[in-house]
Structures are given as structure tokens and as C-alpha cells.
Amino acid sequence: MVEHHGSQCGFCTPGFVMALYALWMETPHPSEPQIERALQGNLCRCTGYAPIIRAALSMGGHGTTDPLMNERAQVQGRLAAWVDGARVDVTNHQSCAILPASTDDLADVLEQHPDARIVAGATDVGLWVTKFLRDLPVAVFIGHLDGLRAVTETADALHFGALVSYEDARAPLVAHFPHMARYWDRIAGWQVRSMGTLGGNIANGSPIGDTPPPFIALGARLVLRKGAARREMPLEDFFLDYGKQDRAAGEFVEKIILPKPVPGTLHAAYKLSKRRDEDISAVAFGVAVTVADGIIINARLAFGGMAATPKRATHAEAALTGQPFSLETMQTAAQALPQDFTPLSDMRASADYRMRAAQNLLTRFWLEHAGQPAALEDVT
Ligand SMILES: Cc1cc2nc3c(=O)[nH]c(=O)nc-3n(C[C@H](O)[C@H](O)[C@H](O)COP(=O)(O)OP(=O)(O)OC[C@H]3O[C@@H](n4cnc5c(N)ncnc54)[C@H](O)[C@@H]3O)c2cc1C
Ligand code: FES
């Protein structure tokens with residue numbers, strides 16, 4: 001970074017150095033696309049990116065092994081020796097931090113502390129503390145619970161434990177739903193994708209969380225657990241109103257179930273934001289349309305950013321069902337969207353932009369699947 005003049009004010013430099021260091025450990029001679037991906041989560045406001053990218057391209061010239069790596073196995077072994085399978089409870093007169101021993105123990109802890117704040121990847125909760133200076137009187141840390149981190153596959157579904165990170169979900173998700181690859185890379189930057197969890201993204205109930213729209217379109221179901229009792233619901237039913245979810249005190253998200261794709265179903269997922277990387281959605285859209293003999297027999301359309309919760313477009317779905325898979329049908333469904341949504345204006349987009357973008361996305365979906373990608377330029 002010094003040799004290539006990759007720093008001016010230096011405010012961003014520690015973050016860039018650490019991101020490049022992590023990249024170098026995995027890929028000492030990275031390509032430009034690999035560098036761009038590694039720097040998705042870093043912003044520089046004064047140097048400009050060209051010198052930083054030049055510095056990254058030259059990293060391999062400074063060796064390929066960090067001496068610290070030699071100690072890694074030893075340090076991991078020493079840390080592992082501390083694990084005794086017991087619950088950790090650090091309580092003082094001001095706060096209480098608990099690390100449950102297992103998923104069953106988590107259920108017990110939450111029965112004892114129903115108002116505790118669960119902390120998974122902390123990519124949301126961390127900001128409440130660092131930016132909003134909020135106190136967490138009782139924090140239950142669950143990031144170490146392997147029982148919630150599994151991805152399993154049955155004959156007809158994929159099961160994601162609540163703690164599965166975006167990064168770990170990517171391969172199994174994309175293997176069954178290739179359309180999710182591009183969408184997934186638009187969620188946050190890779191640092192946040194490595195820590196942020198599917199359960200956290202759903203449980204926080206944000207109207208602009210990126211997993212609910214495509215997952216609702218795919219027919220996802222949510223498993224909630226309280227004590228020994230479990231209940232399962234369609235994901236869309238979890239979101240009751242702005243900031244209000246169907247989750248009782250002491251209950252936690254245990255897993256997300258995605259049914260495997262039905263033959264004949266066309267999928268897409270789109271995210272519109274002001275910036276390509278590391279930005280919040282203005283509109284997110286997930287769609288699954290099943291076509292048999294040219295007729296739409298089932299349609300699921302789910303939007304984020306259009307209402308107080310992630311929500312299905314039931315009027316537009318009704319306008320599609322039973323109709324030919326044609327541009328005219330898509331445009332009729334687009335005209336039904338104002339019956340489904342009354343979006344708000346905010347710093348990300350105006351209400352009018354949101355509605356027109358949502359309508360255009362239906363056309364875009366049809367163009368992509370009707371084999372007319374050349375016409376896409378005109379609608380986005
Ligand atoms: C720089 C940055 C960029 C981001 N970009 C995006 C983006 O592009 N798209 C997007 O959707 N989000 C984005 N986020 C938000 C965040 O990363 C995601 O919402 C993430 O999935 C949250 O997961 P987590 O494990 O970090 O949750 P945490 O911060 O640990 O928790 C979030 C909330 O969920 C609750 N919770 C967590 N796990 C459970 C559980 N198993 N059961 C019940 N409640 C639970 C917590 O109590 C808390 O209320 C971004 C965040 C940052 C900091
Ligand atoms: S060097 Fe100033 S923000 Fe990057």
C-alpha cells in the first residue's frame with residue numbers, strides 16, 4: 001500500500017490492509033475480479049481505488065506465507081482445549097452474557113431469560129451497540145452452536161440451520177437455484193457474508209432484508225422453537241407488521257426449509273440499490289412461476305422495500321395464474337401491483353421509482369425467460 005500510494009488520509013487504510021491480508025492468505029496472486037470481491041466491504045473516499053488495486057496485484061511479490069500461519073494450528077489447539085461443553089455465564093450487576101452449551105441449552109436459557117437478546121453473527125446487533133450506544137442487559141451469544149449451523153438435504157427440501165452464514169449457504173443454495181448466484185453476491189460484502197446468518201436476517205424482521213423476498217418466492221418455511229416445542233410456518237406469515245414478527249418471548253429461529261424446485265418453474269431474484277456492492281436494497285424481488293403447456297399454473301411474487309414487511313403480491317399473482325406466459329400477461333400483472341403495495345419515499349428511492357421498478361422487473365423476468373435478453377437494456 002505504501003509503495004503504490006494506496007493511502008492518503010488513512011481513515012480507510014486499516015480496513016483495506018486487513019481485507020487484502022485475508023485475500024493474500026487464501027490467494028497470494030489474485031486476479032482483478034478476486035480483488036474487487038475482496039474489497040466489496042471497504043470504502044475509500046480520497047485515494048481512489050486504482051492504487052489500492054495495484055497494491056493488491058503486487059502482493060504475491062512479498063512472499064506467500066505469513067509466519068503467523070505457522071502458529072495457527074497450535075493456537076487453535078490451545079483454544080479447543082478450553083472447551084469443556086459447559087454453559088458460560090458472565091453476570092455482573094449491570095449485564096449478563098451467556099454462551100449456551102448446546103441448542104437444547106439455548107432453549108433452556110431462553111426459557112429462563114425470555115427477553116434476552118440473541119446475538120448470532122452480530123452484523124445487526126453490533127451496530128446497535130457501536131452506532132446507537134444501546135445496552136444489551138441480557139445477551140445470549142449463539143455463534144458457536146454447531147447444532148444450528150448444519151445444511152442438510154432431504155428428497156424434497158434443503159434445511160438450513162439458523163446459524164448458516166451467507167457464505168456457507170451459497171454452494172448448496174446455488175446448486176439447486178442457480179439464479180441465486182448473482183443475487184447472493186449483492187448481499188453486503190464478503191466480510192459480512194462470512195459472519196451474517198440466515199436466521200439473523202429473517203429474525204430481525206427488516207422490510208429490506210435481502211433473504212425473505214427470494215425465499216418467500218421459493219416457498220420457504222420457518223421452524224421456530226421454544227423449550228422443547230417446535231412450530232413451522234410459511235416464511236411470509238412470520239412478518240406481521242413493521243418491527244413485529246410472529247415470535248413469542250423465549251422462542252428462537254431454528255431452521256429454514258426450502259422446498260426443491262418443481263419442474264417447469266421459472267425463477268429469478270433481483271436487487272436494486274444505488275450502489276452495486278455493500279448497499280441496502282431499494283427494491284428486492286423474488287419470483288417463481290410454474291408454466292405447463294404455456295399456461296402459468298402457479299405464481300409466487302415477493303417484494304422487499306415495497307411495504308412495512310417483506311410481502312407477496314397477491315393481486316399480481318392472481319393476474320398471472322391461469323394465463324399464458326406472455327408479455328401481455330406480465331404487463332397486466334404489473335398493473336395490479338398498486339393494489340398490492342403503497343410504497344414510501346425515502347433516501348434510497350421515491351415511492352414512484354419503487355413502483356415503476358417493481359413493474360419493470362416483471363417485464364425483465366419475462367424477457368429473460370422468453371429468450372429475449374437483447375431487449376433487457378430497454379427496461380432496466
Ligand atoms: C456492512 C453491512 C452490510 C449489510 N448488508 C446487508 C445486505 O446487503 N442485505 C441484508 O439483508 N442485510 C445486510 N446487512 C444486515 C445484516 O448483515 C443481516 O441482516 C444479517 O443476516 C444479520 O445476521 P446476524 O447473524 O449478523 O444477526 P445478528 O446481528 O446477530 O442478529 C440480528 C437480529 O436477529 C436476532 N436473531 C439472530 N439469530 C436469531 C435466531 N436464531 N432466532 C431468533 N432471533 C435471532 C437477534 O436477536 C437480532 O434481533 C448488512 C450489515 C452490515 C453491517
Ligand atoms: S485514504 Fe482517505 S478514505 Fe481512503
Side-chain angles (χ1 to χ4, degrees), residues 22 25-26 69 71-90 96-114 116-126 136 138-155 157-176 180 184 187-188 190-204 209 211 215 220-232 235 238 247 250-258:
M25 285 206 289
E26 281 186 354
M69 292 289 280
E71 291 173 25
R72 183 181 261 201
Q74 193 195 350
V75 172
Q76 278 175 339
R78 279 165 48 201
L79 288 173
W82 284 359
V83 179
D84 60 3
R87 180 191 297 182
V88 176
D89 186 337
V90 185
C96 167
I98 300 175
L99 284 81
S102 63
T103 310
D104 288 343
D105 191 37
L106 167 65
D108 289 345
V109 168
L110 293 178
E111 294 274 77
Q112 291 156 20
H113 301 278
R117 172 62 58 192
I118 295 174
V119 184
T123 60
D124 280 319
V125 177
L136 303 180
V138 184
V140 177
F141 294 87
I142 63 170
H144 58 291
L145 295 180
D146 289 338
L148 290 176
R149 214 194 309 275
V151 183
T152 52
E153 191 173 334
T154 62
L158 293 171
H159 295 236
F160 294 94
L163 270 181
V164 175
S165 69
Y166 295 104
E167 209 64 13
D168 290 343
R170 194 180 195 284
L173 184 67
V174 171
H176 291 276
M180 290 298 286
W184 217 242
I187 297 177
W190 71 265
Q191 294 96 331
V192 169
R193 289 199 297 270
S194 300
M195 293 301 296
T197 63
L198 303 187
N201 194 240
I202 289 167
N204 76 14
T211 60
F215 280 8
R221 301 184 66 79
L222 197 62
V223 177
L224 295 161
R225 176 171 171 185
K226 181 172 161 52
R230 291 180 172 87
R231 63 191 177 113
E232 192 177 315
L235 177 55
F238 181 66
R247 184 164 77 83
E251 200 169 32
F252 63 98
V253 175
E254 190 168 48
K255 69 175 163 180
I256 301 110
I257 303 174
L258 278 189

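Note that this is a predicted model, so its numbers are computed, not measured. Worth knowing before you read on, the calculation uses all heavy atoms, side chains too, and leaves out hydrogens, waters and symmetry mates.
Across all non-hydrogen atoms, the minimal contact from Val119 to Ala139 is CG2-CB, 4.2 Å. Here the shortest heavy-atom pairing between Ala101 and Gly85 reads CB-O, 3.2 Å. Between Leu198 and Ala169 the shortest heavy-atom distance is CD1-CB, 4.1 Å. Across every non-hydrogen atom of Ile142 and Leu163, the tightest pair is O-CD1, 2.9 Å.
Checking side-chain atoms of His144 against main-chain N and O of Pro100 turns up a donor-acceptor pair under 3.5 Å. Under the 3.5 Å distance criterion, the side-chain polar atoms of Arg170 are left unmatched by any main-chain donor or acceptor of Met180.
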Item to complete: Assess whether side chain to side chain contact (heavy atoms under 4.5 Å, CB included) is satisfied between Asp168 and Val151, documenting all intermediate values.
Response: CA-CA 9 Å; Asp168 290 343; Val151 183; 5.6 Å; no
Practice prompt. Assess whether side chain to side chain contact (heavy atoms under 4.5 Å, CB included) is satisfied between Leu235 and Ile256, documenting all intermediate values.
Written response: CA-CA 8 Å; Leu235 177 55; Ile256 301 110; 5.5 Å; no
Item to complete: Please test Phe215 against Ile257 for side chain to side chain contact (heavy atoms under 4.5 Å, CB included), starting from the C-alpha separation and ending with a verdict.
Response: CA-CA 9 Å; Phe215 280 8; Ile257 303 174; over 6 Å; no
Discussion item. Please evaluate residues His176 and Leu158 with respect to the criterion side chain to side chain contact (heavy atoms under 4.5 Å, CB included), reporting the C-alpha separation (whole Å), side-chain torsions for both, the decisive distance (0.1 Å), and the verdict.
Written reply: CA-CA 9 Å; His176 291 276; Leu158 293 171; 3.7 Å; yes
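The side-chain hydrogen bond (donor to acceptor under 3.5 Å, both in side chains) with Tyr166 is formed by just one residue from the set Thr197, Thr123, Asn201; it is Asn201.
Every residue meeting the side-chain contact (heavy atoms from CB on, under 4.5 Å) condition with Thr103, not counting sequence neighbours, appears here in chain and number order: Leu148, Arg225, Phe252, Glu254. Listed by chain and residue number, Arg87 satisfy the salt bridge (charged side-chain N to carboxylate O under 4.0 Å, His left out) test with Asp105 (two or more places apart in sequence, or in another chain). For Trp190, there are no ring-ring contact (aromatic ring centres under 6.0 Å, His included) partners, not counting sequence neighbours. In this structure, the side-chain contact (heavy atoms from CB on, under 4.5 Å) partners of Glu251, at least two apart in sequence or on a different chain, are Leu224, Lys226, Arg231, Arg247, Ala248. Contacts of Ala203 classified as side-chain contact (heavy atoms from CB on, under 4.5 Å), with partners at least two apart in sequence or in another chain: Val253. Gln74 pairs by the side-chain contact (heavy atoms from CB on, under 4.5 Å) definition with Glu71, Arg78, not counting sequence neighbours.
Taking CZ from Phe160 and CD from Glu153, the interatomic distance works out to 9.0 Å, rounded to the nearest 0.5 Å. Going from atom CG of Asp104 over to atom CG of Asp108 covers 7.0 Å, rounded to the nearest 0.5 Å. Distance CD/Glu167 to CH2/Trp184: 10.5 Å, rounded to 0.5 Å.
Counting non-hydrogen atoms of other residues, nucleotides and ligands closer than 6.0 Å to CD of Gln112 gives a total above 12.
Contact check for Val140 versus His113: no side-chain heavy atoms found under the 4.5 Å cut-off.
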